[in-house]
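In what follows, residues are counted from 1 in the order of the sequence shown.
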Amino acid sequence: MARRAATSGDDFSFVSPVVKYLLFFFNTLFWVISMVMVAIGVYARLMKHAEAAMACLAVDPALLLIAVGVLMFLITFCGCIGSLRENICLLQAFSICLTLVFLLQLAAGIVGFVFSDKARGKVSEVIKNAIVHYRDDLDLQNLIDFGQREFNCCGGISYKDWSQNIYFNCTSENRSGERCSVPYSCCLYSEDEVGISLRTL
């Protein structure tokens, strides 16, 4: 059966032009985003040392970014070309990939809910390890600072988690100028009051 048929001298398509070009536009957008992700991941991998990040994270963030970018590139390629050329095989591959991604996300959410205590413990462990290596990697430091400012928190459970860092603990061996303190991202800045205060106080 032909994909297209001539009707009254005009090309006939089984796909609505609005749906076709909307699908093409959004897939092209995410296609470009995936290429940017891969480029950033490759740059980060080549230009930076990942020892500090690997010490507290299960996967190198640069490699994770590259893997997600490549996967996203392949999926959006199928959607982009499939919608533009109305290629049934590519559109079916695109649909199957999106379904699999959705099912994997759903399964991850269910597992996280069922084993919420273990998941919470694992997250706390990762955060504590990241706190230990806070000064070892600038990107890791910026990530922690961003998280603390964004979620109005200090440390994984409390500000006392920072005592595990060699620069912030209160031991007599610590000669750092940051001894017995916390990072600035733990602090609240008030426009009405002068000074700063700990988020947990």
Taking side-chain contact (heavy atoms from CB on, under 4.5 Å) as the test, write out the residues that go with Val38, two or more places apart. Val42, Val70

Any pair with a residue in residues 173-186 that passes salt bridge (Lys or Arg N to Asp or Glu O under 4.0 Å), sequence neighbours left out, goes on the list, sorted by first then second residue, please. Arg135-Glu178

What's the shortest heavy-atom distance between Asn152 and Arg149, and which atoms? OD1-O, 3.4 Å

Which atom pair, heavy atoms only, marks the closest approach of Ser34 to Thr76? OG-OG1, 4.3 Å

side-chain contact (heavy atoms from CB on, under 4.5 Å) against Ser95, all qualifying residues, sequence neighbours excluded: Thr99

Assess the cysteine pair Cys186 / Cys154: is their SG-SG separation shorter than 2.5 Å? yes

Shortest non-hydrogen separation from Val182 to Phe168 and the atoms involved: C-CE2, 3.8 Å

Would you say Arg85 and Leu90 make side-chain contact, with heavy atoms under 4.5 Å? no

Is the shortest side-chain heavy-atom distance between Phe24 and Cys80 below 4.5 Å? yes

Under the rule for side-chain contact (heavy atoms from CB on, under 4.5 Å), what residues qualify as partners of Val123, not counting sequence neighbours? Ile127

On a heavy-atom basis, which atom in Gly79 and which in Ser83 lie closest, and how many Å separate them? O-OG, 2.8 Å

Once you round to the nearest 0.5 Å, how far does CD1 of Ile81 lie from SG of Cys78? 9.5 Å

So, taking the atom named CE in Met35 and the one named CD1 in Ile40, what distance separates them when rounded to the nearest 0.5 Å? 12.5 Å

So ring-ring contact (aromatic ring centres under 6.0 Å, His included) across residues 90-130, not counting sequence neighbours, yields none

If the condition is side chain to side chain donor-acceptor pair (under 3.5 Å), which residues does Thr171 pass it with, not counting sequence neighbours? Asn169

Residues that Cys89 engages under disulfide bond (SG atoms under 2.5 Å apart), provided they are two or more places apart: none

Same cluster for Val132 and Trp162 if Ile/Leu/Val/Met/Phe/Trp/Tyr side chains link at under 4.5 Å? no

Distance from Glu86 atom CD to Leu91 atom CG, nearest 0.5 Å? 8.5 Å

Going by ring-ring contact (aromatic ring centres under 6.0 Å, His included), name the pairs with one or both residues in residues 63-83, residues two or more places apart or in two chains. Trp31-Phe73, Trp31-Phe77

For Leu22, check side-chain contact (heavy atoms from CB on, under 4.5 Å) against everything at least two apart and list the hits. Val18, Phe26

Considering all heavy atoms of both residues, which atom of Cys97 and which atom of Ile75 are nearest to each other, and what is their separation? CB-CG1, 3.8 Å

Residues in side chain to side chain donor-acceptor pair (under 3.5 Å) with Asp145, at least two apart? Tyr134, Ser185

Leu100: hydrophobic cluster co-members (side-chain, 4.5 Å): Ile96

Any side-chain heavy-atom pair of Ile144 and Gln141 under 4.5 Å: no

Are Phe146 and Leu65 linked, directly or through intermediate hydrophobic residues, by side-chain heavy-atom contacts shorter than 4.5 Å (ILVMFWY only)? no

Is Leu106 reachable from Val101 through a run of I, L, V, M, F, W or Y residues, each pair having side-chain heavy atoms under 4.5 Å apart? no

Rounded to the nearest 0.5 Å, the CG atom of Asn27 sits from the CG atom of Leu84 at a distance of 10.5 Å

Atom CG of Leu98 and atom CG of Leu103: how far apart are they, to the nearest 0.5 Å? 11.0 Å

Please list all pairs meeting side-chain hydrogen bond (donor to acceptor under 3.5 Å, both in side chains) that have one or both residues in residues 109-122, counting only residues at least two apart or in different chains. Asp117-Arg120

